[in-house]
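The analysis underlying the following values was restricted to heavy atoms, covering all of them including side chains, and did not include hydrogens, waters or symmetry mates.
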Amino acid sequence: MQQIGIDIVELSCIGESLHAFGERFVERLYTEAESGYCRANLDLEVERLAVRFAAKEAAIKALGLSETGVGFRDIEVVRQPDGSSELQLHGRAKEAARRRGVHRCLVSLSHAGNYAIAVVASLRD
């Protein structure tokens, strides 16, 4: 069975968390590669962080991981050379997905105004 997850995030909420918790917020939720990409353009930092947060939440839904204690850093959004994004799973998320027969996850990201949205589809054997 395939599953889809979707999540929407207010950019202002991510901006407030970034302001309140700084580096601790980023280190807790994002991989080094994600953090580096998001911070490469400070004008887009909040949008990029927010849409990745939405993707991680959508992946948790699509993979049925809400009860597994998966960390946000176990779900990584990787930007491809053509500008598209790919979801890579690590650690507990990867193992849980494998147990559920998931062989690939598709992700679509967007942001406009004060919102970021992500949709994740888990493809199973």
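- To the nearest 0.5 Å, atom CD of residue Gln3 and atom SG of residue Cys105 are 10.5 Å apart.
- Scanning all heavy atoms of the two residues, the minimum distance from His103 to Arg124 falls at CD2-C, 3.5 Å.
- Summarising the geometry, atom CD belonging to Glu57 is positioned 12.5 Å from atom CD1 belonging to Ile6; distances are rounded to the nearest 0.5 Å.
- Contact between Ala54 and Ala116 at its shortest, heavy atoms only, is CB-O, 4.2 Å.
- Side-chain N or O atoms of Tyr115 include none that pairs as donor or acceptor with a backbone N or O of Ile8 at under 3.5 Å.
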Ile117 and Leu109: CA distance, side-chain angles, deciding distance, side-chain contact (heavy atoms from CB on, under 4.5 Å) verdict: CA-CA 6 Å; Ile117 191 168; Leu109 312 174; over 6 Å; no

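- Between the CG atom in Asn114 and the SG atom in Cys13 there is a gap of 7.5 Å [rounded to 0.5 Å].
- In this structure, CD on Glu10 lies 8.5 Å from CD on Glu16, to the nearest 0.5 angstrom.
- For Lys94, the NZ atom counts as loosely surrounded, since its 6.0 Å shell holds 12 or fewer non-hydrogen atoms of other residues, nucleotides or ligands.
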How far apart are the C-alpha atoms of Ile14 and Phe25, what are their side-chain angles, what is the distance that settles it, and do they pass the side-chain contact (heavy atoms from CB on, under 4.5 Å) test? CA-CA 9 Å; Ile14 297 298; Phe25 170 76; 4.1 Å; yes

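- Using a 4.0 Å cut-off between a side-chain N of Lys or Arg and a carboxylate O of Asp or Glu, Arg98 and Glu95 qualify as a salt bridge.
- Applying the salt bridge (charged side-chain N to carboxylate O under 4.0 Å, His left out) test between Glu34 and each of Arg79, Arg39, Arg73, Lys56 identifies Lys56 as the sole match.
- Smallest separation of non-hydrogen atoms from Ala40 and Arg48: CB-NH1, 4.5 Å.
- Contact detail for Ala33 and Glu76: the closest heavy-atom pair is CB-OE2, 3.5 Å.
- In the hydrophobic clustering of this structure, Leu49 does not group with Val78; members are Ile, Leu, Val, Met, Phe, Trp, Tyr whose side-chain heavy atoms approach within less than 4.5 Å, directly or through other members.
- The distance from atom CG of Leu87 to atom OG of Ser108, rounded to the nearest 0.5 Å, is 12.0 Å.
- Heavy atoms from other residues, nucleotides or ligands lying under 6.0 Å from CD1 of Ile4 number 12 at most.
- In this pair, Phe72 and Phe53 present their aromatic rings parallel. The plane angle is below 30°, not in the 30 to 60° band.
- Contact detail for Arg100 and Gly64: the closest heavy-atom pair is NH2-O, 3.1 Å.
- The side-chain contact (heavy atoms from CB on, under 4.5 Å) search around Glu86 returns Gln80, Gln88, not counting sequence neighbours.
- Here the CG-CD1 distance, from Leu29 to Ile75, works out to 11.0 Å after rounding to the nearest 0.5 Å.
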Determine, step by step, whether Arg52 and Tyr37 satisfy the side-chain contact (heavy atoms from CB on, under 4.5 Å) criterion, reporting the C-alpha distance in whole Å, the side-chain angles of both residues, the deciding distance to 0.1 Å, and the verdict. CA-CA 11 Å; Arg52 279 156 181 76; Tyr37 173 73; 3.1 Å; yes

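- Glu47 approaches Leu11 most closely through the heavy-atom pair CG-CD1, 3.6 Å.
- The side chain to side chain contact (heavy atoms under 4.5 Å, CB included) with Leu89 is formed by just one residue from the set Asp74, Leu63, Leu65, Val70; it is Leu63.
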